[in-house]
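Side chains are part of it too, since the values below use all heavy atoms of this structure and drop only hydrogens, waters and symmetry mates. Letters A, B, ... are given to chains in the order of the sequence lines, protein chains preceding strands, and every chain is numbered from 1.
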Protein chains: 2
Amino acid sequence: MASPTRAPRRVGAETSKTRDQLLDCVERLMLDKGYAAVTYRAVAARADVTSGLVQYYFPTLDDLFVAAIRRRGEQNLARVMAALEARADEPLRVLWEFSQEESIASLTTEFLALGNHRKSIRSEIADNTERVREVQLRAVEAKYGEHGIGDGSLSTTAFLFVLTGIPKLIRLEESVGASTAHADAMEAFERYLDALEPAKPAAPTRRKKRVR
Amino acid sequence: MASPTRAPRRVGAETSKTRDQLLDCVERLMLDKGYAAVTYRAVAARADVTSGLVQYYFPTLDDLFVAAIRRRGEQNLARVMAALEARADEPLRVLWEFSQEESIASLTTEFLALGNHRKSIRSEIADNTERVREVQLRAVEAKYGEHGIGDGSLSTTAFLFVLTGIPKLIRLEESVGASTAHADAMEAFERYLDALEPAKPAAPTRRKKRVR
DNA sequence: GTCTATACGGCGATAGAC
DNA sequence: GTCTATCGCCGTATAGAC
């Protein structure tokens with residue numbers, strides 16, 4: 001039998017160039033003014049089309065947000081995979097830097113907040129989060145093996161959670177005006193990374209001061 | 001000259017019992033369905049009053065949210081100060097447990113997301129964040145002194161940021177459906193805390209309320 | 001000081017016209 | 001494939017009743 005509540009609704013093709021441009025406008029709107037500013041009318045105004053056209057491609061706002069999350073998520077996944085491959089000798093540093101990138105962190109935070117109470121968006125974010133986590137884990141284990149990082153007090157999984165989570169947390173608080181402890185925390189992590197992944201891989205000097 | 005556009009607007013007294021009950025409804029609504037569900041009409045329906053009355057006490061939604069944040073913030077500050085005083089020998093454990101409390105973490109997260117793009121709400125959250133941070137810092141330094149915690153790789157400020165931030169981050173991700181790494185991270189921190197602040201001997205700790 | 005009634009424009013969403 | 005008309009809910013403002 002057919003789905004009972006699903007009414008046939010005409011929707012624009014996913015390959016449409018217009019559709020892609022609309023998603024660009026959505027991202028710009030979110031970065032500029034937050035997800036609350038993303039309305040059909042606002043997107044339409046920025047793209048210089050009618051709001052009806054936006055709704056033609058994205059029947060509900062949830063559809064719009066899910067599409068934006070998916071596009072950006074796949075894009076980020078590809079980028080982080082490429083970076084991890086290009087700098088396979090320092091995966092931690094790659095992930096640390098990646099987690100701090102302005103646009104990525106901001107959009108991630110924005111999507112996180114958005115999914116907080118938009119049920120239909122949760123699974124999309126969760127899927128993406130888990131997928132990224134797996135890629136990160138594989139790259140790090142390729143270098144550090146199963147025995148873990150540092151003194152072994154943290155599992156690799158937990159370590160990655162903290163490593164990528166701290167910048168997210170900092171950005172979240174920054175967006176709200178708090179700043180205490182941020183510089184301290186960043187600096188401490190950088191020192192820790194210096195110890196784990198020295199700047200120059202060609203010089204395996206053990207004279208580097210160890211910060212446990 | 002007088003303010004040009006500001007007309008005198010009548011607002012309900014802050015001592016009103018009705019006002020306090022409305023804020024209770026706001027908190028319950030936020031916990032149940034998120035801040036997006038907080039509308040004049042929804043609050044009014046839950047409190048069984050007219051939406052106009054809600055507006056009488058809180059002329060704009062921002063006023064409503066700011067009032068809710070302030071009330072809850074002062075309440076939490078008082079509670080954490082009391083707990084830190086009662087268990088001055090284990091401030092880290094107190095803060096760790098406090099950061100995990102369901103209602104506190106959820107509301108904090110909700111307010112954080114709310115302030116993300118509600119300008120008028122930011123300073124309220126930032127103020128509260130900094131105030132709590134200072135209380136935490138004082139309590140921890142009272143026990144651990146200026147030299148810091150553990151091996152000294154993290155400043156006390158940075159350590160507290162991570163200690164209280166990780167539970168927040170976990171809850172944020174949980175609310176979105178992700179769960180990888182959470183148990184690992186929690187367990188690792190608990191073990192670390194065990195080392196820093198060993199569980200009390202079998203002294204009759206009658207003050208601690210057993211949950212479940 | 002408390003509270004109600006009413007009105008306005010913007011919003012998401014739907015159905016259907018070009 | 002594109003766009004309009006329309007609906008009901010929203011925040012907000014105001015005037016006035018108790």
| request: Return yes if the base of dG11(D) and the side-chain atoms of R41(B) contain a donor-acceptor N/O pair under 3.5 Å, otherwise no. | output: yes
| task | Name the nucleic acid region contacted by G52(B), choosing base, sugar-phosphate or nothing; use a 4.0 angstrom heavy-atom cut-off, strictly under. | result | base
| request: Would you indicate what T60(B) reaches in the nucleic acid, counting non-hydrogen atoms under 4.0 angstrom: base, sugar-phosphate, or nothing? | output: sugar-phosphate
| field | Nearest-Å distance for atom pair CD/P, residues Q21(A) and dT2(D) | value | 11 Å
| Should R133(A) and E173(B) be marked as a salt bridge (charged side-chain N to carboxylate O under 4.0 Å, His left out) after you check the CA-CA gap, both sets of side-chain angles, and the distance that decides it? | CA-CA 13 Å; R133(A) 211 95 98 191; E173(B) 286 201 355; 2.5 Å; yes
| Does T50(B) put a side-chain nitrogen or oxygen below 4.0 Å from OP1 or OP2 of dT4(C)? | yes
| request: Could you check whether L53(B) gets within reach of a base, just the sugar-phosphate, or nothing at all, counting any heavy atom under 4.0 Å? | output: base
| Separation of atom OH in Y56(B) from atom P in dA15(D), rounded to whole Å | 17 Å
| Distance check: side-chain N/O of T39(A) vs OP1/OP2 of dG10(C), anything under 4.0 Å? | no
| field | Nearest-angstrom distance from the residue atom CD of Q55(A) to C1' of dT4(D) | value | 11 Å
| Is R93(B) salt-bridged to E190(B), cutoff N-O under 4.0 Å? | no
| request: Could you state the atom-to-atom distance from CG of L64(A) to C1' of dA13(C) in whole Å? | output: 14 Å
| field | Presence of salt bridge, D24(B) and R46(B), under 4.0 angstrom | value | no
| task | Return the value, rounded to whole Å, for the distance between atom CG of L61(A) and atom C1' of dC9(D). | result | 14 Å
| Within this structure, what is the CZ-to-C1' distance between R118(A) and dA13(C), rounded to whole angstrom? | 12 Å
| request: Scan S51(A) against the nucleic acid and name what it touches under 4.0 Å (heavy atoms): base, sugar-phosphate only, or nothing. | output: nothing
| query | So, R138(A) and E134(A), do they make that salt bridge, N to O below 4.0 Å? | reply | yes
| Rounded distance in Å - CZ (F58(B)) to P (dA13(D)) | 16 Å
| request: Under 4.0 Å between any heavy atoms, over every strand shown, what does V38(B) touch: base, sugar-phosphate, or nothing? Just pick one. | output: sugar-phosphate
| query | So, Y192(A) and S153(B): side-chain donor and acceptor under 3.5 Å apart, yes or no? | reply | no
| message | With a 4.0 Å cutoff (strictly under), does any side-chain N or O of Y40(A) reach OP1 or OP2 of dC11(C)? | response | no
| said: Can you identify which nucleotide, out of dG1(D), dT12(D), dC3(C), has its nearest atom closest to the R10(A) side chain? | reply: dG1(D)
| request: Mind calculating the distance between OH (Y57(B)) and P (dG11(D)) to the nearest angstrom? | output: 19 Å
